[in-house]
Amino acid sequence: MELTEKLLSELQRRLKIGNRRGVHLNAIPANSRYKFDLNRLSHIDKDLPNNFIKSLLTELPLKFRISWKDNVPDLNSLFQEDQTQLVRITKAFENLINQTDAIESEKGINTFGFGFPILARRDRADNKLTVAPILIWSLRIKRTKEFNTWEILRNEDDPIYINEVLINHLQSDSEIEIEQIPSEMLDDGLINKAELIEICSNLIKAINTKSPEDLEDTFKKKLDTITAIGDKAHYEKLPLNSTNSFIDFSGLFSIFEVQKQNIINDYGDLMELEGVDLDLEDMEEHSFQSISSVETDPSQQSILHSLEATRNVLIQGPPGTGKSQTLTAILVNALENNKKTIVVCEKRTALEVLHNALIVMASQFSK
């Protein structure tokens, strides 16, 4: 098989275009359990949103405390609407903590972060809205021993990065090239107010056909008052298009899954190998031994038999139906017949199940 630029470019393009419903291209919280508008903290203390941004831009390490304790001593003294909002804040933080912990236990990575500020535009290709965070700060959130109190943490190992899905989306939709954050900006581990305004100004100048001369002064004033992220109807009313974008100095806490940028870059490296022929001789001489030393039921054994005739088999079913047992049998058969295998799983726990099963099999063979 010959590697062609057309093939590699198409694979790369598919990776670059993010999910339009995901937080990287849709920061509108709506009813999402995992998109928390920073401005909601004003229900606890009207100054909390602005204080958080000030701390985020100036403090490293960051240890920002969010608590009802100092500002809401008695929930019963509040109006019903304020009570409801505070209960929702608690539930939202608990959802974020639980989901962050679940992803970290499965994949070994921290995905909690803060997206700020927000770019709103309409895409050239389909005129649909894109409302996306421009920068993402990797953070950690934890409960404290105090009732209804949390801490937002960041240290020097937690990166700040420009939203790569947004960068790729702009390039794909409008051929707009956006530079990464200059390394010298990140030497101190912070993006300060002046640097943030510079990044936002450069972004608007790259996207919009015209920009006002007082753009930076406008951004300075807007940065002093953090606003809520609008709903879809709000952005639909704005005079947005692909060359007239808008920046809201709003932000949100959310789950920011690991980007695919490294894979995208790898495809770029592969393009330099255009014309190289891949040796598929081993693949063409396909063979599989279906007799297994792993105990299998009839449905599992039928899958092993099918691999004698075909290379591609889709195995699906609910938990507990024996998918891992079948894969273990396939791996053991490959090992017994001196075959090489590559196992790729989205979740670490899935790999651990297979790894542990192989360890058990190895111990049985050694007895």
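Please read all numbers here as calculations on a predicted model, not as lab measurements.
For the atom pair CD1 of I152 and CD1 of I141, the computed distance is 4.0 Å after rounding to the nearest 0.5 Å. In this structure, N51 CG and L56 CG are separated by 12.5 Å, a value rounded to the nearest 0.5 Å. The line from CG of L129 to CD1 of I28 is 6.5 Å long, rounded to the nearest 0.5 Å. We find the CD1-CD1 distance between I330 and I303 to be 7.0 Å, quoted to the nearest 0.5 Å. In this structure, I199 CD1 and I204 CD1 are separated by 13.0 Å, a value rounded to the nearest 0.5 Å. Summarising the geometry, atom CD1 belonging to I207 is positioned 10.0 Å from atom OG belonging to S242; distances are rounded to the nearest 0.5 Å.
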Between S174 and R121, is a side chain to side chain donor-acceptor pair (under 3.5 Å) present by the stated rule, with each step listed?
CA-CA 12 Å; S174 302; R121 74 187 292 269; 3.1 Å; yes

Evaluation steps, side-chain contact (heavy atoms from CB on, under 4.5 Å), between Q300 and E295:
CA-CA 9 Å; Q300 295 163 355; E295 184 177 348; over 6 Å; no

Stepwise salt bridge (Lys or Arg N to Asp or Glu O under 4.0 Å) test for R154 and E59
CA-CA 9 Å; R154 180 173 177 262; E59 298 177 15; over 6 Å; no

Might you work through the side-chain contact (heavy atoms from CB on, under 4.5 Å) test for N50 and D224, ending with a clear yes or no?
CA-CA 7 Å; N50 287 325; D224 289 334; over 6 Å; no

Kindly indicate, with the supporting measurements, whether the criterion side-chain contact (heavy atoms from CB on, under 4.5 Å) is fulfilled by H43 and R88.
CA-CA 11 Å; H43 289 285; R88 287 176 178 172; over 6 Å; no

Candidate pair E236 and R122, rule salt bridge (Lys or Arg N to Asp or Glu O under 4.0 Å), full reasoning:
CA-CA 9 Å; E236 291 281 5; R122 287 190 180 274; 2.4 Å; yes

Take V131 and I118, measure what side-chain contact (heavy atoms from CB on, under 4.5 Å) needs, and give me the verdict at the end.
CA-CA 7 Å; V131 181; I118 304 297; 3.4 Å; yes

For a ring pair (Phe, Tyr, Trp, His ring centres under 6.0 Å) check, start with the C-alpha distance between F52 and F114, then their side-chain angles and the critical distance, and finish with the verdict.
CA-CA 11 Å; F52 174 76; F114 180 69; 5.1 Å; yes

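Using modelled atom types, no side-chain atom of T243 and backbone atom of T209 make a donor-acceptor pair closer than 3.5 Å. Of the possible donor and acceptor atoms, none in the side chain of S254 sits under 3.5 Å from a partner among the backbone N and O of F256. Listed for the S172 side chain is no donor-acceptor partner under 3.5 Å among the backbone atoms of N168. N163 places a side-chain N or O within donor-acceptor distance of the main-chain N or O of P133, the cut-off being under 3.5 Å. In this structure a side-chain-to-backbone donor-acceptor pair under 3.5 Å is present from S42 to N39. Not one N or O on the side chain of D248 forms a donor-acceptor pair closer than 3.5 Å with the backbone of S250. Of the possible polar contacts, none joining the S55 side chain to the I53 backbone as a donor-acceptor pair under 3.5 Å is found. Within the 3.5 Å criterion, the main-chain N or O of N26 finds a donor-acceptor partner in the side chain of K35. Looking at T90, its side chain does come within 3.5 Å of a backbone N or O of L86 through a donor-acceptor pair.
Applying the side-chain hydrogen bond (donor to acceptor under 3.5 Å, both in side chains) rule to pairs touching residues 211-223 yields nothing, sequence neighbours excluded. Each side-chain hydrogen bond (donor to acceptor under 3.5 Å, both in side chains) pair with one or both residues in residues 195-204, not counting sequence neighbours, would appear here, but there are none.
At a threshold of 4.5 Å between non-hydrogen side-chain atoms, the residues L153 and L139 do not count as touching. Considering only heavy atoms from C-beta on, F36 stays 4.5 Å or farther from N95 through its side chain. In this structure, the side chains of N241 and R124 stay at 4.5 Å or more apart for every pair of heavy atoms. Between T227 and P49, every side-chain heavy-atom pair lies at or beyond the 4.5 Å cut-off. The side-chain heavy atoms of I167 and Q171, taken from C-beta on, include no pair separated by under 4.5 Å. Looking at heavy atoms from C-beta onward, L57 lies out of side-chain contact with L190 at the 4.5 angstrom threshold. Side-chain atoms of S138 and N110, non-hydrogen and from C-beta on, do get closer than 4.5 Å to each other.
Heavy-atom minimum distance, W137 versus F116: CZ3-O, 3.4 Å. Nearest heavy-atom pair, L240 versus A120, reported as atom, atom and distance to 0.1 Å: CD2-O, 3.7 Å. The minimum heavy-atom distance linking G251 with D37 is given by the pair O-OD1, 3.5 Å. N244 and P239 get closest at one heavy-atom pair: ND2-O, 2.6 Å. Across I229 and A27, no two heavy atoms sit closer than the pair CD1-O, 3.8 Å.
With respect to the salt-bridge test (charged N to carboxylate O, under 4.0 angstrom), the residues E104 and R140 qualify. Look at K128 and D173 and you find no salt bridge, because none of the NZ, NE, NH1 or NH2 atoms lies under 4.0 Å from a carboxylate O. Under 4.0 Å is where a charged nitrogen must lie from a carboxylate oxygen, and between K142 and E151 at least one such pair does.
Checking E257 against T111 by side-chain atom types alone, no donor-acceptor pair falls below 3.5 Å. For the 3.5 Å distance criterion, the side chains of D123 and T130 qualify, holding a donor opposite an acceptor.
For the ring pair (Phe, Tyr, Trp, His ring centres under 6.0 Å) test, residues two or more places apart in sequence or in another chain that qualify with F112 are F253.
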